[in-house]
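Here is how names work: the chains are called A, B, and so on, in the same order as the sequence lines, proteins then strands, and each is numbered from 1.
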2 protein chains.
Amino acid sequence: MASKADYVYRDSSGRRLIDYPRPSVAVDTALLTLAPGDDTLSVLQVKRGGERGWALPGTFLHERERLMEAVLRSLRDKAGVRGLRPRQLHVYDDPVRDDRGWVLSVAHVMVVPASLLMTRSSTTRLMPVDGPGQMPYGHGDIIAMAVADARRRYQELPDPDGLLPDRFTVLELRQVHAAVVGRDLQKDTFRRAMDPHLIGTGEMTSGTRGRPAELFQRR
Amino acid sequence: MASKADYVYRDSSGRRLIDYPRPSVAVDTALLTLAPGDDTLSVLQVKRGGERGWALPGTFLHERERLMEAVLRSLRDKAGVRGLRPRQLHVYDDPVRDDRGWVLSVAHVMVVPASLLMTRSSTTRLMPVDGPGQMPYGHGDIIAMAVADARRRYQELPDPDGLLPDRFTVLELRQVHAAVVGRDLQKDTFRRAMDPHLIGTGEMTSGTRGRPAELFQRR
DNA sequence: CTAATAGTGTCTATCAGACACTATTAG
DNA sequence: CTAATAGTGTCTGATAGACACTATTAG
């Protein structure tokens with residue numbers, strides 16, 4: 001183990017400085033989504049260089065960059081997605097989790113509309129969160145924590161991450177929540193729980209089977 | 001702004017490497033406690049070098065050290081406390097929050113027994129969380145987030161951080177929770193809410209005013 | 001008409017909050 | 001005895017879950 005004295009330097013004016021070796025810092029983001037017609041959550045994966053296979057989109061933090069900037073940069077460059085606002089989740093700090101060296105990873109999470117992730121390049125894919133395949137860098141753990149975080153937040157408020165568009169029916173909202181929390185939700189109980197957090201627009205759907213539904217917005 | 005090419009190097013075998021400048025990584029910990037006879041939360045501060053005054057105990061991460069190791073090291077060296085297990089809270093990443101350079105801070109939080117912090121050296125002090133004084137490095141924000149986190153967790157379970165000893169009365173538990181959440185709690189409602197998470201020991205207090213109280217443990 | 005979906009009335013079991021009561025100790 | 005604290009019975013209002021009912025559309 002290195003002692004403190006190993007890292008003591010002097011600057012040009014002779015002032016005593018201590019500078020320890022620094023870790024690389026990465027950001028990795030679990031973008032969770034609901035493929036059309038699907039009723040379980042999927043996670044976006046991107047193809048990484050080398051033989052590392054599929055992983056979460058991520059990048060190394062650049063000099064004096066904010067974590068959120070790095071997250072948005074990685075999503076733009078690796079997944080072609082813009083305009084998101086992921087939440088910071090947890091720092092993964094096992095010094096051997098990355099075989100390229102000593103790398104801290106700041107994990108992020110957001111639930112997003114599937115339409116944003118439908119660029120369908122050969123370097124991105126969606127995989128179910130309960131079977132995402134083998135992943136490097138401990139990304140499986142990040143996905144598990146991301147899903148748990150999303151479940152907790154979707155228990156409380158209507159679509160807090162904005163997976164749905166501005167206006168939506170209660171059925172659409174319920175289907176999203178059922179997919180996130182991983183079980184069916186009763187329509188009457190669900191509606192009453194969400195009602196205080198919704199604003200009715202007075203506008204109705206049309207052209208659908210059955211009685212038209214009102215469109216709502218988040219309060 | 002630097003371009004990616006600025007950071008491309010070759011190792012001894014000519015393999016292409018990219019290495020961006022790395023941030024220093026620090027850990028800072030909000031140790032919240034309840035001074036005897038007090039009914040509001042306090043936070044531990046330590047005297048920092050230079051004219052920076054009172055701040056949260058923290059340290060820089062050493063090479064390949066785990067964040068938790070660094071946290072425990074800083075609490076041992078700067079506050080003389082051992083055996084704690086703080087929770088990771090949030091990464092503060094404003095590149096100008098620390099005038100010594102580019103430093104990420106991983107904030108931690110735990111609620112601890114006041115007896116552990118009573119070393120009473122001239123380099124530590126306890127300050128109320130709602131008026132901790134001016135603090136450097138954005139530590140005021142960390143305290144606010146730490147208190148919010150502790151409040152949320154103490155709403156759900158009895159003394160999750162273990163501020164109390166192994167066995168305690170419901171009154172002691174209620175006083176702790178009232179201090180953490182910042183308001184009085186009714187004794188009957190509180191007892192019924194905590195009851196499913198407690199195990200009675202059958203042992204009773206004695207020598208106190210009034211009827212003896214049973215001692216409980218966490219389930 | 002029937003099928004399908006939207007939305008609501010209502011019953012029940014549970015629970016938080018509030019109040020009051022009993023229980024047990026010190027002095 | 002009184003004062004103080006522990007612990008519980010019980011009422012009430014709110015709410016989640018469940019079921020059933022009405023409402024409104026397509027075809």
Side-chain angles (χ1 to χ4, degrees), chain A residues 34 36-39 151-159 164-219, chain B residues 34 36-39 151-159 164-219:
Chain A
L34 199 52
D38 201 350
D39 60 351
R151 289 207 166 133
R152 192 173 40 70
R153 290 182 296 110
Y154 270 75
Q155 306 268 17
E156 295 186 6
L157 286 175
D159 191 24
L164 290 170
D166 259 13
R167 285 130 61 110
F168 47 82
T169 67
V170 176
L171 174 60
E172 290 163 342
L173 183 66
R174 179 157 58 93
Q175 286 169 338
V176 165
H177 279 244
V180 172
V181 305
R183 62 186 166 85
D184 283 352
L185 300 170
Q186 275 193 215
K187 72 167 184 174
D188 46 6
T189 304
F190 179 78
R191 167 180 283 267
R192 287 174 176 125
M194 289 297 132
D195 193 64
H197 307 110
L198 297 176
I199 306 175
T201 65
E203 274 197 83
M204 313 295 283
T205 59
S206 69
T208 62
R209 272 310 277 282
R211 173 172 166 180
E214 186 170 3
L215 292 169
F216 292 85
Q217 298 179 316
R218 290 172 209 80
R219 182 172 295 277
Chain B
L34 198 53
D38 202 351
D39 60 351
R151 288 207 166 135
R152 192 172 40 70
R153 291 181 295 111
Y154 271 75
Q155 306 268 17
E156 295 187 6
L157 286 174
D159 191 23
L164 290 169
D166 261 12
R167 286 129 60 110
F168 46 83
T169 67
V170 177
L171 174 60
E172 290 163 343
L173 183 65
R174 180 159 56 94
Q175 286 170 339
V176 164
H177 279 244
V180 172
V181 305
R183 61 185 166 85
D184 282 352
L185 300 170
Q186 275 193 214
K187 71 168 184 173
D188 46 7
T189 304
F190 179 78
R191 166 180 285 267
R192 286 173 177 125
M194 289 298 133
D195 194 64
H197 307 111
L198 296 176
I199 307 176
T201 64
E203 273 196 84
M204 312 296 282
T205 59
S206 69
T208 61
R209 273 308 280 279
R211 174 172 165 180
E214 186 170 3
L215 292 169
F216 292 85
Q217 296 179 318
R218 289 172 210 82
R219 182 170 295 277

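- dT10(D): Watson-Crick or G-U partner is dA18(C), with both key distances under 3.5 Å.
- Between dA16(C), dG9(D), dG7(D), one nucleotide has an atom nearer to the side chain of Arg192(B) than all others, and that is dG9(D).
- A sub-4.0 Å separation between OP1 or OP2 of dA18(D) and a side-chain N or O of Gln186(A) is present.
- Among the candidates Leu171(A), Asp39(A), Leu164(A), the single residue satisfying the side-chain contact (heavy atoms from CB on, under 4.5 Å) test with Val176(A) is Leu164(A).
- When distances are taken from the side chain of Thr189(B) to each of dA18(C), dT24(C), dT5(D), the shortest belongs to dA18(C).
- In this structure, Thr208(A) reaches the sugar-phosphate backbone alone: every heavy-atom distance under 4.0 Å involves primed, P, OP1 or OP2 atoms, never a base.
- Heavy-atom distances to DNA chain D give each of Thr169(B) and Ser206(A) a nearest nucleotide, and the one nearer the 5′ end belongs to Thr169(B).
- Ranking dA6(D), dG17(C), dT24(D) by closeness to the Arg211(A) side chain, first place goes to dT24(D).
- Between Thr205(A) atom OG1 and Arg211(A) atom CZ the span is 10.5 Å, to the nearest 0.5 Å.
- Atom CD in Glu214(B) sits roughly 15 Å away from atom C1' in dT5(D) (whole-Å rounding).
- Taking 3.5 Å as the limit, the base of dA4(C) and the side chain of Arg209(A) contain no donor-acceptor pair of atoms between them.
- Computed from coordinates, the Leu173(A) CG to dA6(C) C1' distance equals 14 Å when rounded to whole Å.
- Of the candidate nucleotides dG7(C), dG9(D), dG17(D), dG9(D) has the atom lying nearest to any side-chain atom of Asp188(B).
- Pairing for dT24(C) goes to dA4(D), judged as Watson-Crick or G-U wobble with the two contacts each under 3.5 Å.
- Between the CZ atom of Phe190(B) and the P atom of dG7(D) there is a distance of 13 Å, rounded to whole Å.
- Put simply, NZ on Lys187(B) is 10 Å from C1' on dC21(C), counting in whole angstrom units.
- Proximity of Arg191(B) to the phosphate of dG7(D): a side-chain N or O atom is located under 4.0 Å from OP1 or OP2.
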